[in-house]
Amino acid sequence: MIVRTRIEPAPSGSIHVGNARTALFSWAFARGHAGSFVLRIADTDAKRVTEESFQAVLEDFRWLGIDWDEGPEVGGPHGPYRQSERFDIYREYADKLLAGGFAYRCYMTDEEIDAERKRADAEKRRPNFRHTEAEETAHASEGRPHTVRFIIPEEATVTFHDEVLGDISTEMGRTPDVVILRSDGTPTYMLAVTVDDALMDITHIIRGNDLMASTPRQLLIREALGFTEAPVFAHLPLIVAEGGKPLSKRWGDVSVRSYRDRGYLPEAMINYLALLGWSLDDKTNIFTVEELIDSFSLVRVGKNPAAFDIPKLDWVNMHYIKSLDPDELAARLVPFCEREGMDAGTDEGLGKLRAVTPLLVERLKRLDEAPPMVRFLFDRNEPDEKAAKALEGQSEYLNEVASRLEALSEWTTTAIDAALRALADERELKPKKAFQPIRAAVTGTLVSPPLFESLEILGRDETVARLRSAA
RNA sequence: GGCCCGUUAGUCUAGUUGGCCUAGGACGCCGCCCUCUCAAGGCGGAGACCACGGGUUCGAAUCCCGUACGGGCUACCA
């Protein structure tokens, strides 16, 4: 059997980290089994889907390094891969269901449906949305709009095996007949996903646990449609916020894009996401995508929800930042610096960044932390409040520092270091007392990369000029 | 209300067939060291009666039952 997995995102802008994790596992599973990974766009509710949000989804996957063998832009033998382009197919299957007596037209208005739901609830039974034959003919001749509902056999107990959760058995007695075609003739998720998974020969349906409840219904539809071979199911534990609450916008940023914008590396996101609900072994925290693919297995996926923990993500990200070589890091820093108004994309700008990266690499958790640290190389900024305070009454000292630096025979970190320490010794100043005013004068802040190295990179003329002007 | 799922430290987890678990690793936290700021790094530490209550067993985090708590679904969203 050739393994085929898929991810089916709804294109509502940048993907949710939970979807990214699901995609990652589904993808890793396919890759690890020399199978195919299909990207299918769940845009049956086409009204609010924009081209922009569709592109955002593709871009997020590309950024993460998750590629697809079949799907938008690459095509494939089972296309099209946007459900909005497959409506005819779904209608055809809905007709089959109708013809086979597995579905019926429901002419009820929203009000009627509401009322029936309330009644059913009070009577502790499932709601009934069907019509008598007479009603149906009447409604049809009036041209009343209708949906198509799939009949859930009341006595059915659906059983399936889940690779993560084990055997699941569900009694369908109170599950209402499910809408498969909306009144405008478009299919719902329940129909589209079932038909597509079957038609596209998906062998392993790996998806979020929130969709587990829909599995029995999909199995029933599948069976009614005559698709005899059932796929393997694996429902992944949900990713939640601290306290086990749903990871919603309310909690904070949940889109992949927002993490990208804050300077998380794609390799770090992949690594961290893989740690949510899965583990390589009892002690490995850091691994490459290749290692993930090689060792990923559904058996090792946990059952319980995982909380998204930013501090740990930061730690993983820091690890990957450290592993970048200086040129690579400098290049990745450019957009973040430009965003903050620095002229970092030029040869000169890149040169400055390249020079400081060795100093930054040990102190960045996120790429977006770099701009404030390197700003002094691009602008002569006004001292901030704390820096201004550190400069008070330091005129004479700063002028002396400037003179000493001017007198240096060579402009190197070692020479600067020696000169400034010598001066501090002469004046019996503790290092901190001696160096903070200089840092304040030159960088405009009390927090910067190591001082002597920073001065060397800045250059003698600029350093001296800043010292004199702050004095 | 109904159907289904889950429950190891603040967090992610290891714990595959019950004994090597006096529960392992990581993040975070605390302390010390290093130190020109901020970090990083090194060393050490606290933190879990394995949700709770019953069983089964010579022996249970691991098996069974119940309870509590949490979550998902119960849409003409996916």
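Just so it is clear, the structure is predicted and the values come from calculations on it, not from any experiment. Naming convention: chains lettered A, B, ... in sequence-line order (proteins, then strands); numbering from 1 in each chain. Worth knowing before you read on, the calculation uses all heavy atoms, side chains too, and leaves out hydrogens, waters and symmetry mates.
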Does [N] have OP1 or OP2 sitting under 4.0 Å from an N or O in the side chain of [X]?
X	N	result
A:K245	B:G71	yes
A:N304	B:U8	yes
A:T44	B:A78	yes
A:R300	B:G15	yes

For the side chain of [X], starting at C-beta, report the closest nucleotide among [options].
X	options	result
A:M212	B:A78, B:C5, B:G72	B:C5
A:R174	B:G15, B:G1, B:C27	B:G1
A:I168	B:A78, B:C4, B:G24	B:C4
A:A10	B:C3, B:A78, B:G72	B:A78

Using atom [atom1] in both nucleotides, what's the gap between [N] and [M] to the nearest angstrom?
N	M	atom1	answer
B:C27	B:C34	P	23 Å
B:A61	B:G18	P	13 Å
B:G71	B:A51	C1'	15 Å
B:G54	B:C33	P	49 Å
B:A48	B:U62	C1'	16 Å
B:C73	B:C12	C1'	26 Å
B:G24	B:C64	P	26 Å
B:G28	B:A46	C1'	13 Å

To the nearest Å, how far apart are [X] [atom1] and [N] [atom2]?
X	N	atom1	atom2	answer
A:R125	B:G2	CZ	P	16 Å
A:R217	B:C4	CZ	P	13 Å
A:I239	B:G72	CD1	P	14 Å
A:N128	B:U74	CG	P	20 Å
A:F129	B:U74	CZ	P	13 Å
A:K312	B:C12	NZ	C1'	5 Å
A:D282	B:C12	CG	P	18 Å
A:L276	B:C27	CG	C1'	12 Å

Ion pair present between [X] and [Y], side-chain N to carboxylate O less than 4.0 angstrom?
X	Y	answer
A:R404	A:E400	yes
A:K322	A:E267	no
A:R125	A:E116	yes
A:D368	A:R366	yes
A:R421	A:D417	yes
A:E136	A:R144	no

Fill in the blank from the handout: Assert: residue with more 5' nearest nucleotide on RNA chain B, out of A:G302 and A:Q83, is A:G302
Problem - Comparing A:M190 and A:S279 on RNA chain B - which has the more 5′ nearest nucleotide - result: A:S279
Searching all strands shown, indicate the nucleotide that pairs with [N] (Watson-Crick or G-U wobble; both distances under 3.5 Å).
N	value
B:G1	B:U74
B:C32	B:G42
B:U11	B:A26
B:G6	B:C69
B:G19	B:C58

Completion exercise
Per-nucleotide protein contact along nucleotides 34-46 of chain B, 5' to 3', at a 4.0 Å heavy-atom cut-off (B base, S sugar-phosphate only, - neither), is --BBBBSS-----
Problem - Sub-4.5 Å side-chain heavy-atom contact between A:P9 and A:F61 - result: yes
Problem - Under 3.5 Å side-chain donor-acceptor pair for A:D314 and A:Y264 - result: yes
Problem - A:S279-A:R300 side chain donor-acceptor pair, cut-off 3.5 Å - result: yes
What does [X] touch in the nucleic acid at a heavy-atom separation under 4.0 angstrom: a base, only the sugar-phosphate, or nothing?
X	value
A:R117	sugar-phosphate
A:L181	nothing
A:T445	nothing
A:R126	nothing

Practice task
Measure centre to centre between the rings of A:F287 and A:W278, then say whether the value is under 6.0 Å.
Solution key: yes
Exercise for the section: Establish whether the base of B:C76 is bridged to the side chain of A:S183 by a donor-acceptor pair shorter than 3.5 Å. Expected result: yes
